[in-house]
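One structure below.
Numbers here are sequence positions counted from 1. Worth knowing before you read on, the calculation uses all heavy atoms, side chains too, and leaves out hydrogens, waters and symmetry mates. These numbers come from a predicted model, not from an experiment.
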Amino acid sequence: MASKYDGLARIIIQNVGGKSNIASLTHCITRLRFKLKDESKANTDVLKETDGVVTVIQSGGQYMVVIGNHVPQVYDAVVSVGHLESIAEAPGDDAEGGGPKEKMNPFNAFVSIVTGVFTPFLGVFCACGIIKGFLALFVALGVLDGAGGTYNILYSLGDAAFYFLPVILGYTAAKRFKLPEMEGLIIGCAMLYPYVLSGSGMDISNIFHIPVIMPAAGDYTSSVIPIICAVAFAAWFERLYKKFIPDTIKMFAIPLITCIVTICLTFWIIGPVTSLLSDGLSAVFTAINNFSPILMGLVVGALWQALVMFGLHWALIPLAMVNMQTIGYDAILVGMFGTTFAQTGAVIGIWLKTKDKKLKSLCPAAVISGIAGVTEPAIYGITLPKKMPFIRTCAISGVAGAVLCALGVKSYTMAGLGVFGYTAYINTAENSMNGMILAVVVSIFCVIAGAICEFLFYKDAPAKKTETKAAAPAGAAAAGKKSVLAPMSGEVKALSEVEDEAFSSGALGQGLAILPSEGRLYAPVDGTVSTFFPTGHAIGLLSDDGVEVLIHVGMDTVKLEGKGFTPKVAQGAKVKRGDLLLEFDIPKIKAAGYSVLTPIIITNTDDYSDIVSTDAAKVSHGDSVITIR
């Protein structure tokens, strides 16, 4: 996705000597930190004169481009524009490239990952679902020959996104987990190579004489979870070992090692685990069905979409097929019939309720494909990312499944999904359409219930609040005085005494520095912790009256990687003056060779007419040290 910093990113990349001159890249709270292969190739003077760049500092083998508070956004743009994912080092080991990770429960984490890898191709995914739906409709109406060339070619287009899901997800998951995209793509391709498809006739029973157990479906076509797990492992594994590979062979050695190890472990472990889960589920559902078909319908209806996401629904399909062959009908898969209609109804309700233009634009295509039984666009694009709509559709589907089973509805053939699944419930032996009529009624109930639930209960996520500053009248100072308290006790120093040009020059804003006498940092204002760097050495606050304060404990302490720093609050926390924000070990920091002189900067200095620092030689935390007019 394009960023407003893409232009600046291109200028920076070009003037640090180009992509080929960058050995690694990370960022701290104010600056991009490059390690360049040859610093003489960088155009430092050009960068210093570039709008958006505060200054450039060369120190300790690092080439630092000082940006200011919005450095995370510029960092993301540089990585994206330059395709530097393979050499970008996430600050504080934060895979998202800055800021502490939000703590998530397992369900939310799973949703975040799955929807994150589906989001980049949702539009194409919806389009393919619509194509499949219309083709099925035209064949059912007799308008199109289901064995003709037009159908075959257009079906290939519509089904491609589903059949080759591991390839597509290999690419998008690689971007999500910071693995080079081509590696993720190749891993996905290997999982769908003709040799490893069911019915290929090739020997795929082992790798290095270690047995391979394929999933219950026979192969990995249309699967989701295996490739996501494979790429997640590959990204972690590559970060673990790549620093030990000599630069001269990294270009081919890293993808060689990553791809071989990952594909072996995928076929050895991920596939077998999926198969074991499928076998276990098969036994569980058989026991439930023997106990109570109504309970079976409830469980299958409620869990079907989750089972499909993990590819575990294949545990039930063989059971249904055996039933049809032996007794002429099946009651197990009847429970899942309402799922597509509940999803479709939920999307209709969200479509009517939401004011989010982007979300609203996804709904029509999801509805069309959902009616035809293709619900992936609805699930991965709309209901699952919003969580509660997905849960509500599962509940509706469970009720529908229980009702169908309670009414004795049975399926007599493996038909299509959505409206094309009605024919499965026609009992041709008795020439009875009662089952189909009941299926139609229940499906309409699911659509209406899903739509009403979302219309009543769905709420758009609150718009993210942007940190806006109260603009002072043109040519006039911001009204009133504002005060910033000392965040720590110690000796007061002028900014000019700080051994860092970005601070000492005042380029990042006016303020002062304190040489702390104790390792505690307190809130100097009432407000919000707008930024807390993962390593704990720097914190940004936005006061309730609009003052932006940056506190940077020590110089170059980012290199300690959090050692000696103990945060006491999280990013986003509301704080009051005097609240303890951070504890830091002064002896440990000094022993590592770093200064603890701490700048306290007003980063939105330009919003005010005057910034006055105290003339006291020493202060205690809580003393007023900066007055702002």
| Within the distance-only criterion (no hydrogens, no angle test), does the side chain of T535 pair as donor or acceptor with the backbone N or O of V558 below 3.5 angstrom? | no
| field | Smallest separation among heavy atoms of S530 and L541, with atom names | value | OG-N, 3.7 Å
| message | Looking at every heavy atom in both L512 and V625, which two are closest together, and how far apart are they? | response | CD2-O, 3.6 Å
| field | Minimum side-chain heavy-atom gap T557-F584 below 4.5 Å | value | no
| request: Quick one: sort the F237 and F233 rings into parallel, tilted or perpendicular, breaks at 30° and 60°. | output: parallel
| task | Look at the side chain of T26 and the backbone N and O of R33, then say whether any donor-acceptor pair between them is shorter than 3.5 Å. | result | no
| said: Could you tell me if the side chain of S504 sits less than 4.5 Å from the side chain of L495, heavy atoms only? | reply: no
| field | D38 atom CG: more than 12 heavy-atom contacts under 6.0 Å | value | yes
| query | With side chains defined as the heavy atoms from C-beta onward, is the minimum distance between H27 and F533 less than 4.5 Å? | reply | yes
| Which atoms form the tightest heavy-atom contact between G519 and I586, and what is the distance? | N-CD1, 3.7 Å
| request: Check the pair I22, L84 against side chain to side chain contact (heavy atoms under 4.5 Å, CB included), reporting the backbone distance first and the verdict last. | output: CA-CA 9 Å; I22 302 172; L84 301 174; 4.0 Å; yes
| query | Does a side-chain heavy-atom distance below 4.5 Å link L597 with L515? | reply | yes
| Are there more than 12 heavy atoms of other residues, nucleotides or ligands under 6.0 Å from atom NZ of K41? | no
| field | Reported CD1-to-OG1 distance for the pair I57 and T44, which is rounded to 0.5 angstrom | value | 11.5 Å
| field | Check: A365 main-chain N/O paired with S369 side-chain donor or acceptor under 3.5 Å | value | yes
| field | P389: partners by side-chain contact (heavy atoms from CB on, under 4.5 Å), with sequence neighbours left out | value | I350, T383, K386, R392, E454, Y458
| task | Mind checking ring-ring contact (aromatic ring centres under 6.0 Å, His included) for F164 and listing every partner two or more places apart, or none if nothing turns up? | result | none
| Non-hydrogen side-chain atoms of P599 and M555 separated by less than 4.5 Å | yes
| request: Taking all non-hydrogen atoms of both residues into account, name the closest pair between I245 and A253 and its distance. | output: CG2-CB, 3.9 Å
| said: I want to check something: taking the side chain as every heavy atom from C-beta on, are M388 and K459 in contact at a cut-off of under 4.5 Å? | reply: no
| task | Determine yes or no for a side-chain-to-main-chain donor-acceptor pair under 3.5 angstrom, with N43 supplying the side chain and V46 the backbone. | result | no
| request: Under the ring-ring contact (aromatic ring centres under 6.0 Å, His included) rule, collect the residues that match up with Y522, sequence neighbours excluded. | output: H621
| K250 atom NZ, neighbour heavy-atom count above 12 within 6.0 Å | yes
| message | My understanding is that only residues two or more places apart in sequence, or in another chain, count here; which of them pass side-chain contact (heavy atoms from CB on, under 4.5 Å) with T528? | response | K574
| Side-chain donor/acceptor of Q571 to backbone N/O of F532, under 3.5 Å | yes
| Which residues pass the salt bridge (charged side-chain N to carboxylate O under 4.0 Å, His left out) test with E561, sequence neighbours left out? | none
| task | Check whether the side chains of T258 and E238 place a donor and an acceptor atom closer than 3.5 Å, and report yes or no. | result | yes
| said: Using a strict threshold of under 4.0 Å (side-chain N to carboxylate O), is an ion pair present between K482 and D607? | reply: no
| Is K590 atom NZ crowded by more than 12 heavy atoms from other residues, nucleotides or ligands, each under 6.0 Å away? | no
| query | Would you say the side-chain atoms of K493 pair up with the backbone N or O of I514, donor to acceptor, closer than 3.5 Å? | reply | no
| task | Please assess I611 against I626 for the test side chain to side chain contact (heavy atoms under 4.5 Å, CB included), listing each intermediate value before the final yes or no. | result | CA-CA 7 Å; I611 308 290; I626 299 176; 3.7 Å; yes
| query | Sub-3.5 Å donor-acceptor pair from the side chain of D526 to the main-chain atoms of R577, do we have one? | reply | yes
| message | Looking at E518, I'd like to know if its CD atom is crowded, meaning that more than 12 non-hydrogen atoms belonging to other residues, nucleotides or ligands lie closer than 6.0 Å. | response | yes
| Between CD on residue E183 and CZ on residue F177, distance to nearest 0.5 Å | 14.5 Å
| query | Which pair of heavy atoms, one from G554 and one from T598, lies closest together, and at what distance? | reply | N-OG1, 3.6 Å
| task | Determine, for K559 against D556, whether the closest basic-nitrogen to carboxylate-oxygen distance falls under 4.0 angstrom. | result | yes
| query | Between A378 and V347, what is the shortest heavy-atom contact and its length? | reply | CB-CG2, 3.6 Å
| field | Side chain proximity check, V53 to I67, heavy atoms < 4.5 angstrom | value | yes
| Donor-acceptor pair, side chain of N604 and main chain of G546, under 3.5 angstrom | yes
| message | Whether the T603 and E548 side chains hold a donor-acceptor pair (N or O, under 3.5 Å, no angle test) is what I'd like checked. | response | yes
| Do Y63 side-chain atoms and L32 backbone N/O form a donor-acceptor pair below 3.5 Å? | no
| Listed by chain and number, what are the ring-ring contact (aromatic ring centres under 6.0 Å, His included) partners of F503, not counting sequence neighbours? | H552
| message | Looking at N15 and L47, would you say the former's side chain and the latter's main chain have a donor-acceptor pair under 3.5 Å? | response | no
| message | Could you go through D545 and S543, starting from their C-alpha distance and side-chain angles, then the distance that decides it, and tell me whether this counts as side-chain hydrogen bond (donor to acceptor under 3.5 Å, both in side chains)? | response | CA-CA 5 Å; D545 51 9; S543 77; 2.3 Å; yes
| message | Is there a side-chain contact between D579 and V569 in this structure, where contact means two heavy atoms from C-beta onward sitting under 4.5 Å apart? | response | no
